[in-house]
Amino acid sequence: MLQRVNPGNKPLADYRSIIRRELYDEIVDLSQRLEGRRVLHVSATSFGGGVAEILYTLVPLMRDVGLQTEWDIMYGAEAFFNVTKSFHNALQGADYELTVEDRAIYEEYNRQSAEAIQKAGEDWDIMFVHDPQPALIKHFSGGLSPETKWIWRCHPDLSTPNRQVLDYLMPYIADYDAQIYTMREYTPPDVELPGLTLIPPAIDPLSPKNMALSGEDATYIVGQFGVDVERPFLLQVSRFDPWKDPLGVIDVYRSVKEEIPEVQLVLVGSMAHDDPEGWDYWQKTVNYADGDPDIFLFSNLTNVGSIEVNAFQSKADVVIQKSIREGFGLVVTEALWKARPLVAGRVGGIPMQVDGGGGILIDTIPEAAAACTKILKDPDFARQMGRQGKEHVREHYLTPRLLRDDLLLFAKLLGT
Ligand code: UDP
């Protein structure tokens, strides 16, 4: 059997006071139609990045509403994650030569994972496969029941992909009963997608990462990390990855500091198991910070877990997300939910995420610096942005809405 994740319990009833009544009722109605159905989620990691973040909430909620839901982590080792990270970068447009060796590594881990699922001998109504890493599991899963419906969930933006990797993967992905993308703009060009379903991700308002923290508690936590809580700070929370542009964030901070010398910068990054590039980029960022005592770099490996991320996001004067490519930046929605003013790259899902206000979209470093300076100098403007952003998230991007959309798709596929 693959490694099974235990994501704990979450009662839907706890969300009742946060979401609209109609949404709650809709979920209850759908869950009655799907009672007892069996769902297996498969992803590459249970730790770090957006997919794990989402599944830690979605899986317990699916269980709570009556579906027999499990979450397995596929087999993987360094060689495999090197290949899949290259795939991930290539699918977002990076140069990459797809070699026979890389294909063999990729296929072998998918084959072994599919075999382990079959050997476990469980029956699933829905196989819910997340992202490119396990995408070939369906291909190698000849032994599963023909009744099983297969969903492939794509998180990254595939609108400007490296053609070699896309052409290699697409026939396997087209074979799924449904392919979920965050938005139409992310779907790959010139590819037929008969099972296309559009569902944006969401955040959990009750998780330790997003639950309400008092200003006092947030300040207390941030202060413990050596950040001067009497002075403003800019924050980016992201993996250390070129697409998240931490070096660009340092440039933005340096430019803001010319006008507001007391400003500080906090960069928080998680090191994911499936992201071997992370350490190189962390080192690059440390070098680029060049010993500036007002730049702070933290990661999950230096004790910054969910509560700490929550505290930094709740306390930040400006949250930056200077992504160059982005799927749906969960961190953007996390910051808006905490009513923080946001400055973010005009890429991927971000414009849709800040559609209701709460963020200033930027294309360049000078634009980002000007936006941060404006927010820091005008607290009324900052407060108003924060309020707008929060309401937009409440309406569109909290997990119960994602749960409803997934259940609707299950009901459609299973004909219930
Ligand atoms: N995250 C975290 N600690 C960190 C960095 C990131 O907990 O040090 C979380 C972040 O809060 C968010 C997720 O990891 O929930 C990243 O998701 P996102 O969609 O923003 O980016 P991805 O890494 O999936 O590209």
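Everything quoted here is computed from the prediction, not taken from an experiment. Counting starts at 1 for both ligands and their atoms, in listed order.
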Establish, yes or no, whether a centroid distance under 6.0 Å links the rings of Phe328 and Tyr397. yes
Report the nearest protein non-hydrogen atom to atom 14 (O) of ligand 1: residue, atom name, distance rounded to 0.1 Å. Gly49 N, 4.0 Å
Under 3.5 Å side-chain donor-acceptor pair for Thr69 and Arg37: no
What atoms of ligand 1 come closer than 4.0 angstrom to any heavy atom of Val331? 10 (C), 11 (O), 12 (C), 20 (O)
Among Lys209, His155, Gln321, Glu308, which one has a heavy atom closest to atom 9 (C) of ligand 1? Lys209
Evaluate the side-chain hydrogen bond (donor to acceptor under 3.5 Å, both in side chains) criterion for residues Ser323 and Trp243: first the C-alpha distance (whole Å), next the side-chain angles of each, then the deciding distance (0.1 Å), finally the verdict. CA-CA 6 Å; Ser323 303; Trp243 308 106; over 6 Å; no
Ionic contact status for Asp380 with Arg383, cut-off 4.0 Å: yes
Has ligand 1 got any nitrogen or oxygen that is less than 3.5 angstrom from a nitrogen or oxygen of Val309? no
Could you tell me if any non-hydrogen atom of Gly269 lies under 4.0 Å from any atom of ligand 1? yes
Can you tell me the protein heavy atom closest to atom 18 (P) of ligand 1 and the distance? Leu330 N, 3.5 Å
Quick check: Phe296 with Phe233 (ring centres under 6.0 Å apart)? no
Short N or O distance, Val51 and ligand 1, threshold 3.5 Å exclusive: no
So, applying ring-ring contact (aromatic ring centres under 6.0 Å, His included) with His139, which one of Tyr172, Trp152, Tyr168 is it? Tyr172
Filtering Lys244, Glu334, Arg325 for the heavy atom nearest atom 22 (P) of ligand 1 leaves Lys244
With atoms numbered from 1 as shown, which atoms in ligand 1 lie under 4.0 angstrom from a non-hydrogen atom of Val237? 4 (C), 5 (C), 6 (C)
Note: heavy atom closest to atom 24 (O) of ligand 1, options Gly50, Gly349, Ser207, belongs to Gly50
Determine, using ring centers only, whether Tyr56 and Trp71 are less than 6.0 Å apart. yes
Kindly compute the distance separating CD1 (Ile199) from CG (Leu402), expressed to the nearest 0.5 Å. 7.0 Å
Within the 4.0 Å heavy-atom shell around Phe328, which atoms of ligand 1 are there? 19 (O)
Measure Phe298 to ligand 1 on non-hydrogen atoms and call it side chain, backbone, both or neither using the 4.0 Å cut-off. neither
Does Val268 have a heavy atom less than 4.0 Å from any atom of ligand 1? yes
When the ring centroid of Tyr281 is compared with that of Phe240, is the distance short of 6.0 Å? no
Atoms in ligand 1 with a heavy atom of Arg239 nearer than 4.0 Å: 22 (P), 23 (O), 25 (O)
Atoms in ligand 1 with a heavy atom of Gly329 nearer than 4.0 Å: 19 (O), 20 (O)
Nearest non-hydrogen protein atom, atom 5 (C) of ligand 1: Ser270 N, 3.3 Å
Sole candidate of Tyr75, Phe87, Phe140 that passes ring-ring contact (aromatic ring centres under 6.0 Å, His included) when paired with Tyr106: Phe87
